[in-house]
Protein chains: 2
Amino acid sequence: MASTQIIPLVHVKSPTALWSLPFALLSFVLVGRGEGNAMDNVVTERLAEESHRQDSANLLIFIMLLTLTILTIWLFKHRRFRFLHETGLAMIYGLLVGVILRFGVHVPPSMSDVVQGCAVNASPATLLVNVSGRFYEYTLKGEVSRSKGHQVQDDEMLRKVTFDPEVFFNILLPPIIFHAGYSLKRRHFFRNIGSILAYAFLGTVISCFIIGLIMYGFVSFMKVVGQLGGDFYFTDCLFFGAIVSATDPVTVLAIFNDLKVDVDLYALLFGESVLNDAVAIVLSSSIVAYQPTGDNSHSFEATAMLKSFGIFLGVFSGSFALGVATGVVTALVTKFTKLRDFPLLETALFFLMSWSTFLLAEACGFTGVVAVLFCGMTQAHYTYNNLSRDSQDRTKQLFELLNFLAENFIFSYMGLTLFSFQSHVFNPLFIIGAFVAVFLGRAANIYPLSFLLNLGRKNKIGSNFQHVMMFAGLRGAMTFALSIRDTATYARQMMFSTTLLIVFFTVWLCGGGTMPMLSFMSIPVGVDSDQDHSSSGMLDDSQRRNTKHESAWPFRIWYNFDRNYLKPLLTHSGPPLTATLPACCGPLARCLTSPQAYENEGPLHDDDSDFILNDGSVSSMYADVTVSTDGSSSSGIKRHRPSAADEGLDHDLALAEHEVAIRGTRLVLPMNDPADPPTTVTLPPPPSPPRSDPRRHRL
Amino acid sequence: MASTQIIPLVHVKSPTALWSLPFALLSFVLVGRGEGNAMDNVVTERLAEESHRQDSANLLIFIMLLTLTILTIWLFKHRRFRFLHETGLAMIYGLLVGVILRFGVHVPPSMSDVVQGCAVNASPATLLVNVSGRFYEYTLKGEVSRSKGHQVQDDEMLRKVTFDPEVFFNILLPPIIFHAGYSLKRRHFFRNIGSILAYAFLGTVISCFIIGLIMYGFVSFMKVVGQLGGDFYFTDCLFFGAIVSATDPVTVLAIFNDLKVDVDLYALLFGESVLNDAVAIVLSSSIVAYQPTGDNSHSFEATAMLKSFGIFLGVFSGSFALGVATGVVTALVTKFTKLRDFPLLETALFFLMSWSTFLLAEACGFTGVVAVLFCGMTQAHYTYNNLSRDSQDRTKQLFELLNFLAENFIFSYMGLTLFSFQSHVFNPLFIIGAFVAVFLGRAANIYPLSFLLNLGRKNKIGSNFQHVMMFAGLRGAMTFALSIRDTATYARQMMFSTTLLIVFFTVWLCGGGTMPMLSFMSIPVGVDSDQDHSSSGMLDDSQRRNTKHESAWPFRIWYNFDRNYLKPLLTHSGPPLTATLPACCGPLARCLTSPQAYENEGPLHDDDSDFILNDGSVSSMYADVTVSTDGSSSSGIKRHRPSAADEGLDHDLALAEHEVAIRGTRLVLPMNDPADPPTTVTLPPPPSPPRSDPRRHRL
């Protein structure tokens, strides 16, 4: 038996009217207590049933919202309206429902308040409450802000449609982020990796601190003016900076995808937005972890600062390592088992392993969402090649669907929450300050970094590209999820309300303005993403060679390592490890190399060497890219020799990338390029066409 | 402001040690109270974080279990072991983990018990607890049995891996049941609909009452002997009868599927198991609802009995109507919008509409699982035909995956729970009684009903078939979910423990014994499910005609109504409504008929009329069947004229049925039948082969 402590009564208030059951039901509980067990049982069951029905009805509201969104989006796509993206639409529907719930539905005030004498001085995760000899189990949901105590009772209905914020982090964000990693167009991503990393890491940190500083200025001013209704520390400002630094240009990218906007611009924007989500989430948790010791808990302290920095590095690298590790394990499992004979098992394994990344990271205290991102990238780079064709389709489609549903759910919830959230703090000064800060923070990210990158880059990022990147700094799902996670204090409530407005404003204005922006900035559209040598105006041939030199050595090392060791180890692709590993590792290499690697080696190696001869050793880092480019542009030829169809794994991948939708829906583009019909003509004609023709007519 | 009542203190015990945090953390709470807000904040956050990490770790255990199951299953399939199905394997892994958690992991007794004076006499859904001025929100999780109060503390770890039973009903069962409905082989199902309904409705009720009566006998005997440790009423016995009457022959059907066992036997077993799940769940809730008024709440009372019967009918028909209604709405939406151009939107809509069925039914107080079953059947019968080919694949694969994951999760949880559940009541007498009762109940279902059905049926259900059906009375996911739903009382706990044993026993023994059973009973295997005119030994030609007469008129009416009005209304299939509806409805009919219906009418009608001429008007109810049979058996031919591939919608469906796995994994059978290679030989040879050959070598 564990030891027990009796603690003196401190303060008494429990249970309040946080439940809006009909009065009749409750009075039954209060009056009918003498009736014994059976009656109590019935009442408890009815309570649970009622609560379950209410939950179902609430979830139904969202399902209906999503259904409506889907139908309207179809209508828009059908009529080729492009000014409103599905996420923007989901927000509008959410707003409408929020308005209806707020102003249309009136719930009579609950008559069932029970204030009781009760002594509790700790807040355990589980509470057993003894009601006349029967035990009821309660679980801790979280802390409720002091001021809310009574406001809450007013609009029970609104409270009911409120989800636990952790739902976003544990259920809705992971598929979105995984899908982003899984559908990354790796070819263009790796070509711009340096710039993307600069924007994502350096840029996000710059943006965070700029916004934090500006907001601190505004908040100080508000304090002087007397507009501030509660505490707002510098760490809060930094936290705000971190959460609104996560860009989510889903709307813009969907339009880019439809219009086939320049692939490098696309890669820069998409890569940055994917990675800066990860940076922002880890950054914000590091800022929260900034806890100086001693009395004045909001002063600057070097050790706490260093600790925060250490947390940032530790959590980020830990999540990265975990994500990559599960990806690698999945690749190994799919390589060394013949699971590909059973697509259902394969898909299930893929799904479970990807999910376990998230859980593993969370269980280890890392950030699941970040781990899932890198897991997705690893799965796409290695595991995808091992999957059967059927599973490739299944996994792509599954995560596409999950991403679509989760994204639209979040955005419609966002719309709803503008009216249904109970503790909004709309402070005009703070809102103005935030908009200014967000704008300046984005500018301080894009323009100086682009300038610095252009010093090193030979294929400059043009000023029109910079303006588009500036313009595409939409805030979306991640910003919302981070801001709703904790709305206990005054500062957090004000942040949340302001963040909502920022998301609305950027999604609608920037989303709707993408088309005019593109034409105003004269960004080339209609670029085929597979002809990457072409036309973007940003690259000519001499510049290309320089580009390679620019980011050469670290990536050449990585590329060679990946091509010679990792890919042969983790996939069926050649060259076999027996050829690349030193002789002493012979038995191990033979054991790890799959039979297909020997087969694959021949044809692939020939193609590779071609390019190596052309461009010198530096270009070997682009060989992967070039092979796949070649693969997809030659798809018309491939069709005439189907026996060669399973030669190139990278070819499959390149084709697949065609179909993987990039965050949001897109038209499924027909794969037959216009050059196809002519190609069929080049087949050798049948030896005696004049004679065979009449016979065919007779048949 | 709502009125408040102050209620006198009744009994004092709250919060107990239902949380196993390190002692250090708690002592911090108790000691550090003076440190103010910031510290409390940190502690609360840490508490929530710790609980979240624990949850993630627990879920991870299950994900790992499922991953292991998948890998082992692959090994079994790879090596063609058939004696153990994946669900049986999942149970074994679950058992192992349960044993490890139970006996291997020792959690030090929690030092953090806090017993406090607290007056609560109601159990609201939400509780606000005031801890030194800070409010914490708790939500009601359910009632804890009195006796558990202290046992619970012993093995905290075991309690942690316990899921809320409602998870099964609200998350895991719906996809399983929907998949069953969506993948029902409708052709063979409808042919045996009379027998299936008899087994499912009458049989389940018979089984429920037989088991209930036998158990009541055993329980009375136990009471006399003094083996009964608590109350056990007749309604409890009936409830037990209802929950163990839900058969789930997933193991048997998977083997049937692999071996291509007789299609009629398959249809009987599968149809019965699908429908009796629905019957059992509604039946059990009707029995729970049996509440005689007055003092002796467990006596017989006619009005309460009638009320229960009314509830059964009301809930069942309500759920049925809701399920069909959402299916019809989905069919109409997919028919009248051109959503099929965007497979992602279409799939998302399909998924959301099917899910909303569940929520709608639950919100209305009907049974979501039953609604979902009929929704699945409606979607398969109508909506499926409207979907694009891509969406057909996507929806099938999605629900196949969800079904696979949910099923294996439930079975591995079952294994785990045998050791992790805290309040097992294993009573040898009760267990023996239950096994006897389950056996006799199944026998009283199958043999008398088969005898009665054979009186009417001309294609008799042979005694070997009856023995196989008797043998295939496995208990599975639904029985488990129903029994774990409420384990508060002694009676329910004993039921739960016994049910677990029944599930284990039937899944392992009957699952593993299927192959010997089939050969012992000389059931024909290797029957191609598409050649339904063939070979089952149960049907010859004269019998077939009689079969049709047997169940003729209600189904002829239904079939004609479906073919002439419902299918044209809800899908693109012909004949157009303009042809079938009376002239007065002309404008409406024109409006509701899709352009394709006019096109489809020609070819399909020709095929239909063929069969109508052969078999007379009665056979029109089988025309649908015959068309699709023709479609799939001629698939080899179709390949040579690809332009005709999109003619027959039913053809698509028939092909699709090939691939839809029936509850559980199966080998994806290659579609090319052995007759295919010869067919390619029949192509006209190139006019001058001897001359073209050397040329090819030169190229």
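These values consider heavy atoms only, across backbone and side chains, with no hydrogens, waters or symmetry-generated copies. Note on naming: letters A, B, ... go to the chains in the order of the sequence lines (proteins, then strands), and numbering restarts at 1 for each one. Given the structure is predicted, the values throughout are model-derived calculations rather than measurements.
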Provide the closest heavy-atom pair for A363(B) versus S56(A) in the form atom of the first, atom of the second, distance. N-CB, 3.9 Å
Atom NE2 in H78(B), atom NZ in K338(A): separation rounded to 0.5 Å? 5.0 Å
Output the distance between atom OG1 (T347(B)) and atom CD (E400(A)), rounded to the nearest 0.5 Å. 8.5 Å
With distance as the sole test, does W74(A) use its side chain to make a donor-acceptor pair with the main-chain N or O of F342(B) at under 3.5 Å? no
Taking C-beta and beyond as the side chain, do D390(B) and Q397(A) meet within less than 4.5 Å on heavy atoms? yes
Side chain, backbone, both or neither: which part of F358(A) has a non-hydrogen atom closer than 4.5 Å to chain B? neither
Would you mind checking which part of L71(A) comes under 4.5 Å of any heavy atom in chain B, side chain (CB onward), backbone (N, CA, C, O), both or neither? side chain
With respect to chain B, which residue among S356(A), A57(A), A361(A) yields the maximal number of heavy-atom pairs within a distance under 4.5 Å? S356(A)
Is it true that H52(A) and E166(B) share a donor-acceptor pair across their side chains at a distance under 3.5 Å? no
Counterpart residues, side-chain contact (heavy atoms from CB on, under 4.5 Å), relative to L59(A) (two or more places apart): F163(A), W355(B), L359(B)
Go through the atoms of L405(A) and report whether side chain, backbone, both or neither lie under 4.5 Å from a heavy atom of chain B. side chain
Measure L401(A) against the heavy atoms of chain B and call it side chain, backbone, both or neither at under 4.5 Å. both
Here the gap from F62(B) atom CZ to L352(A) atom CG, rounded to the nearest 0.5 Å, amounts to 13.0 Å
Region of N408(A) that comes under 4.5 Å of a non-hydrogen atom in chain B: neither
Roughly how far apart are L402(B) CG and F351(A) CZ, rounded to 0.5 Å? 8.0 Å
OG1 on T357(A) to CD1 on I63(B), rounded to 0.5 Å: 10.5 Å
Do R53(B) and E362(A) touch side chain to side chain, with heavy atoms closer than 4.5 Å? no
Can you tell me which of L398(A), T69(A), T337(A) forms the most heavy-atom pairs within a distance under 4.5 Å of chain B? T337(A)
Rounded to the nearest 0.5 Å, how far does CG of L339(B) lie from CD1 of I73(A)? 11.0 Å
